[in-house]
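The chains referred to below are lettered A, B, ... by the order of the sequence lines, with proteins before strands, and numbering in each begins at 1. None of these values were measured; they are calculated from a predicted model.
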2 protein chains.
Amino acid sequence: MNTAADFQADILSAVAHPNRIRILEKIRYGINCNCEIAPELNMEQSNLSRHLKILVKSGILRSWKEGLRTNYEIADKRIYKLLDIAADIAKTKLEKQTEVFA
Amino acid sequence: MNTAADFQADILSAVAHPNRIRILEKIRYGINCNCEIAPELNMEQSNLSRHLKILVKSGILRSWKEGLRTNYEIADKRIYKLLDIAADIAKTKLEKQTEVFA
DNA sequence: TATATATATGATCGATTACTCATATATGGA
DNA sequence: TCCATATATGAGTAATCGATCATATATATA
């Protein structure tokens with residue numbers, strides 16, 4: 001049986017990778033085609049494709065075909081709230097660590 | 001070089017495990033000793049110990065010794081905001097999936 | 001139809017993760 | 001001191017993950 005924690009973990013682990021976070025940031029600022037993301041992030045094409053697939057499968061992204069291209073958009077904008085909080089937590093953590101040397 | 005995405009991913013992957021989410025929920029509701037968490041979650045002792053260590057190392061939990069016991073508390077409460085958003089996203093996703101059968 | 005372009009996927013490989021068992025360490029009490 | 005209790009950790013293992021290369025598929029265009 002799956003409990004709430006399992007579903008939460010599914011969402012969180014879909015986002016818990018540096019490249020996937022970078023992908024989501026690109027999409028956040030208007031880039032929504034696979035082909036534009038790849039060169040910007042300097043990622044191997046098949047690797048990017050797989051990361052995008054993970055994000056779609058987890059329900060974070062939605063994708064549609066447009067000729068040769070595959071476009072992506074956010075399916076649930078709250079994921080950005082989640083990323084922002086993670087950034088805040090990480091920032092505080094770093095500040096506390098460097099405090100020692102101040 | 002580490003970028004923001006790396007630090008965010010560190011936080012997120014520390015939380016992205018069902019048992020660690022369950023641990024955080026126990027602590028949220030006042031249980032803060034290792035020895036009380038283990039039986040409640042039906043986890044093997046060494047396994048729990050390692051999960052707690054991951055949470056401490058990532059800066060999400062803080063721990064202190066009290067005789068034989070090791071107690072834990074949240075170091076950054078915003079982690080609960082993060083968990084709540086993950087739960088909301090997961091809930092919406094499930095609703096959309098079951099919509100098909102309605 | 002032949003070719004170029006964009007994306008997806010099979011196969012493989014090394015690294016990491018989660019778990020368990022056994023054991024070590026550290027503390028408190030009889 | 002001896003023993004019980006709570007926690008931590010080394011070693012081993014199976015499973016999963018991330019990356020890459022080669023190749024397949026699908027579509028647009030000459």
Could you list the residues that satisfy side-chain hydrogen bond (donor to acceptor under 3.5 Å, both in side chains) with B:N32, not counting sequence neighbours?
none
In numerical order, the residues of residues 46-76 of chain A whose heavy atoms come under 4.0 Å of DNA chain D are A:S46, A:N47, A:R50, A:H51, A:G67, A:L68
Bounded by its outermost nucleotides with an atom under 4.0 Å from a heavy atom of chain A, the footprint on DNA chain C reads C:dT5 to C:dA11
According to salt bridge (charged side-chain N to carboxylate O under 4.0 Å, His left out), does anything in residues 39-50 of chain A pair up with another residue at least two apart or in another chain? List the pairs.
A:K26-A:E40
Applied to residues 53-63 of chain A, the side-chain hydrogen bond (donor to acceptor under 3.5 Å, both in side chains) test, sequence neighbours excluded, yields A:R62-A:E73
Walk me through it: do A:D84 and A:R28 pass the test salt bridge (Lys or Arg N to Asp or Glu O under 4.0 Å)?
CA-CA 12 Å; A:D84 289 344; A:R28 184 178 205 169; 3.0 Å; yes
Inter- and intrachain pairs under ring-ring contact (aromatic ring centres under 6.0 Å, His included), touching residues 59-84 of chain B, at least two apart:
none
Charged N to carboxylate O below 4.0 Å: is that the case for B:R69 and B:E66?
no
In short, B:I11 meets B:I60 closest at the heavy-atom pair O-CD1, 4.1 Å
Contacts to DNA chain D from residues 31-44 of chain B, heavy-atom cutoff under 4.0 Å, which residues?
B:C33, B:N34, B:C35
Should side-chain heavy atoms under 4.5 Å link Ile, Leu, Val, Met, Phe, Trp and Tyr, which residues sit in the same cluster as A:L94?
B:F7
With sequence neighbours left out, the residues meeting side-chain hydrogen bond (donor to acceptor under 3.5 Å, both in side chains) with B:D10 are none
With the threshold set at under 4.0 Å for non-hydrogen atoms, list the residues of residues 11-18 of chain A touching DNA chain D in residue-number order.
A:H17
Is there a Watson-Crick or G-U wobble partner for D:dA30 with both distances under 3.5 Å, and if so, which one is it?
C:dT1
Go through the structure and list residues passing side-chain hydrogen bond (donor to acceptor under 3.5 Å, both in side chains) with B:D6, not counting sequence neighbours.
A:R22, B:T3
Contact summary for B:N47 and B:M43, nearest pair of heavy atoms:
ND2-CE, 3.9 Å
Inter- and intrachain pairs under ring-ring contact (aromatic ring centres under 6.0 Å, His included), touching residues 29-55 of chain A, at least two apart
A:H17-A:H51
